[in-house]
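Have a look at the structure below, then the notes.
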Amino acid sequence: QVQLVETGGGLVQAGGSLRLSCAASGRTFSSYAMGWFRQAPGKEREFVAAIRSSGGSTSYADSVKGRFTISRDNAKNTAYLQMNSLKPEDTAVYYCAARLGTLVWRLDSEYDYWGQGTQVTVSS
């Protein structure tokens, strides 16, 4: 069982940056692949980024590639999402997710554990 808590959301102007953190409980964080998803009002939840359990491989949605960076610190049981050059269309609730395994997964149905979400609002 893994519990996830996201922090770091907030209000930022377009072009600004935020770093989201996802703190995980448990002693086997390094066995879990991590993902970030987001859901804007009236839209379906969508994939943002994912990282394998070791941190050696990542994947990004085309809409954030080159602007967002996913990383993890297994010693701190924490995953991160660094978001730069933010746009109003990045406004959403951001969720981190976890699943056992060593690969990178892009579908939300492939994840077993979810955080409560953190709001990111980008003003124009």
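In this text, all values refer to a predicted model and were calculated from it rather than measured experimentally. Each residue takes its place number in the sequence, starting with 1.
Closest approach of S85 to D90, counting heavy atoms only: O-OD2, 4.4 Å.
No donor-acceptor distance shorter than 3.5 angstrom exists from the side chain of S109 to the backbone of L107, with no hydrogens or angles considered. Within the 3.5 Å criterion, the main-chain N or O of A97 finds no donor-acceptor partner in the side chain of D112. Although no hydrogens or angles enter the test, the distance criterion places no donor-acceptor pair under 3.5 Å between the side chain of T58 and the main chain of I51.
The salt bridge (charged side-chain N to carboxylate O under 4.0 Å, His left out) check on K43 picks up nothing, with sequence neighbours excluded. Residues meeting the salt bridge (charged side-chain N to carboxylate O under 4.0 Å, His left out) test with D108, sequence neighbours left out: R45. Applying the ring-ring contact (aromatic ring centres under 6.0 Å, His included) test to W114 and every residue at least two apart in sequence or in another chain returns F37. For T7, there are no side chain to side chain donor-acceptor pair (under 3.5 Å) partners at least two apart in sequence or on another chain. Taking the side chain to side chain donor-acceptor pair (under 3.5 Å) definition, one finds that D73 meets it with nothing, sequence neighbours left out.
At a threshold of 4.5 Å between non-hydrogen side-chain atoms, the residues S71 and Q82 do not count as touching. Here the side chains of W105 and Y111 are in contact, with some heavy-atom distance below 4.5 Å. Inter-residue side-chain proximity for R67 and M83 is flagged as unmet; no heavy-atom pair is nearer than 4.5 Å.
Distance OG/S21 to CD/E6: 10.0 Å, rounded to 0.5 Å. The line from CG of L4 to OH of Y32 is 9.5 Å long, rounded to the nearest 0.5 Å. The structure places OG of S63 at 9.0 Å from CD of E89, a figure rounded to the nearest 0.5 Å. Here the OG atom belonging to S25 is positioned 8.0 Å from the CG atom belonging to N77, to the nearest 0.5 angstrom. Interatomic distance, CZ of R72 versus SG of C22, reported as 9.5 Å (0.5 Å rounding). Interatomic distance, CG of L100 versus OG of S31, reported as 6.5 Å (0.5 Å rounding).
R106 and S59 share a donor-acceptor pair across their side chains, judged by distance under 3.5 Å alone.
By the criterion of side-chain heavy atoms lying less than 4.5 angstrom apart, applied directly or through intervening Ile, Leu, Val, Met, Phe, Trp or Tyr residues, Y80 is not grouped with V104; the two fall into different hydrophobic clusters. V2 and L20 fall within the same hydrophobic cluster, where Ile, Leu, Val, Met, Phe, Trp and Tyr residues are linked whenever their side-chain heavy atoms come under 4.5 Å apart, directly or through other members. Linking Ile, Leu, Val, Met, Phe, Trp and Tyr residues whenever their side-chain heavy atoms come within less than 4.5 Å places V12 and W36 in a single cluster. I70 and V48 fall within a single hydrophobic cluster, where Ile, Leu, Val, Met, Phe, Trp and Tyr are joined by side-chain heavy atoms under 4.5 Å apart, directly or via other members. The same ILVMFWY cluster, assembled from side-chain heavy atoms under 4.5 Å apart, contains both F29 and Y113.
Ring-plane geometry between F68 and Y94 is classed as tilted, the angle between the planes lying from 30 to 60 degrees on a 0 to 90 degree scale.
Electrostatic pairing of R38 and E46 counts as a salt bridge here, judged by a charged N lying under 4.0 Å from a carboxylate O. Salt-bridge annotation for D62 and K65: present, with a side-chain N of the basic residue lying under 4.0 Å from a carboxylate O of the acidic one.
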Validation: residues 117-124 side-chain donor-acceptor distances under 3.5 Å, sequence neighbours left out:
{"from": "T118", "atom 1": "OG1", "to": "G9", "atom 2": "N", "distance (Å)": "3.2"}
{"from": "Q119", "atom 1": "NE2", "to": "A92", "atom 2": "O", "distance (Å)": "3.4"}
{"from": "Q119", "atom 1": "NE2", "to": "T121", "atom 2": "OG1", "distance (Å)": "3.3"}

